[in-house]
Asks: 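Could you have a look at this structure, given as structure tokens, before my questions?
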Amino acid sequence: MADPTEFQFDLPPDRHWAPMPLAERIHKTAWAAADGCASLRGAETREAVRVIVIHATAGATTDGAVSVMEEARASFHWIVPGKDEPTHGVHVWATCPERLAAWHVRRSCAHPDICGGANNLNRASLGIEIVNRQDGENPFSSWQLEATADIVRYAAGKYPNLTHVVSHARLDPTRRTDPGPNFPWAEFKAMVLD
Ligand SMILES: [Zn+2]
């Protein structure tokens with residue numbers, strides 16, 4: 001079984017990927033909540049974004065994930081809906097403005113292969129939550145993988161310094177396993193890079 005703390009690949013540095021639109025809709029509740037649970041990046045967003053972090057919600061619904069933003073406990077930039085939700089197969093939810101640093105990775109977390117081992121990575125990253133129970137019996141759907149890869153490709157076309165695509169588990173291995181051992185990382189990597 002795959003080890004999610006190993007999930008990382010890097011985007012080609014001299015890529016010339018055309019900007020692409022993203023099939024996203026603003027989640028109004030989350031967007032409003034973002035004011036209370038996201039910070040300024042401290043740098044121009046176009047220059048600042050170097051990392052994109054893949055999470056899974058360990059829950060069954062978009063609303064459940066949004067509730068952590070309403071409670072100002074955490075935040076992230078997009079949610080990829082779960083298989084049983086009406087938006088599955090249609091669009092992803094934008095939940096926090098990209099210009100803000102969402103709170104999705106602990107401040108102290110760092111990895112030598114990511115931004116030279118720097119911490120405080122929320123300022124340099126975008127976060128994607130994929131709705132999945134993470135119970136080992138709730139597979140990620142093909143659409144969820146494609147939708148997540150589309151977000152990465154969209155961001156890669158928009159942010160020239162975006163380099164590292166990583167799991168939350170890689171950044172916080174003692175506390176987090178998401179997106180979990182059942183996330184097909186190799187397949188996902190191929191969707192982004194091919
Ligand atoms: Zn996470």
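In this text the structure is predicted, and so the values were computed from the model without any measurement. All ligand and atom numbering here is 1-based and tracks the order in the structure.
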Asks: Look at the N, O or S atoms of His104, main chain and side chain alike, and state whether any lies under 2.8 Å from the Zn ion (ligand 1).
Replies: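 Within the cut-off used here (under 2.8 Å), His104 places no N, O or S atom near the Zn ion (ligand 1).
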Asks: Please work out whether the ring planes of Phe7 and Trp185 are parallel, tilted or perpendicular, with thresholds of 30° and 60°.
Replies: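 Phe7 vs Trp185 ring planes: parallel.
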Asks: If you consider just the N/O/S atoms, which atom of His55 is the closest one to the Zn ion (ligand 1)?
Replies: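 Within His55, restricted to N, O or S, the Zn ion (ligand 1) is closest to atom ND1.
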Asks: So, Thr61 versus Asp63: side-chain donor-acceptor pair below 3.5 Å or not?
Replies: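 Short answer, no.
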Asks: When rounded to the nearest 0.5 angstrom, what is the spacing between CG in Asn182 and CG in Asn138?
Replies: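 Spacing of CG (Asn182) from CG (Asn138) equals 9.5 Å.
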Asks: Do any of the N, O or S atoms of Asp178 sit under 2.8 Å from the Zn ion (ligand 1)?
Replies: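 A backbone or side-chain N, O or S atom of Asp178 is under 2.8 Å from the Zn ion (ligand 1).
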Asks: If you check every N/O/S atom of His168, which is the one nearest the Zn ion (ligand 1)?
Replies: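 The atom in question is ND1.
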Asks: Restricting to ring-ring contact (aromatic ring centres under 6.0 Å, His included), what partner residues turn up for His55, sequence neighbours left out?
Replies: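 Result, ring-ring contact (aromatic ring centres under 6.0 Å, His included) vs His55: His104, His168.
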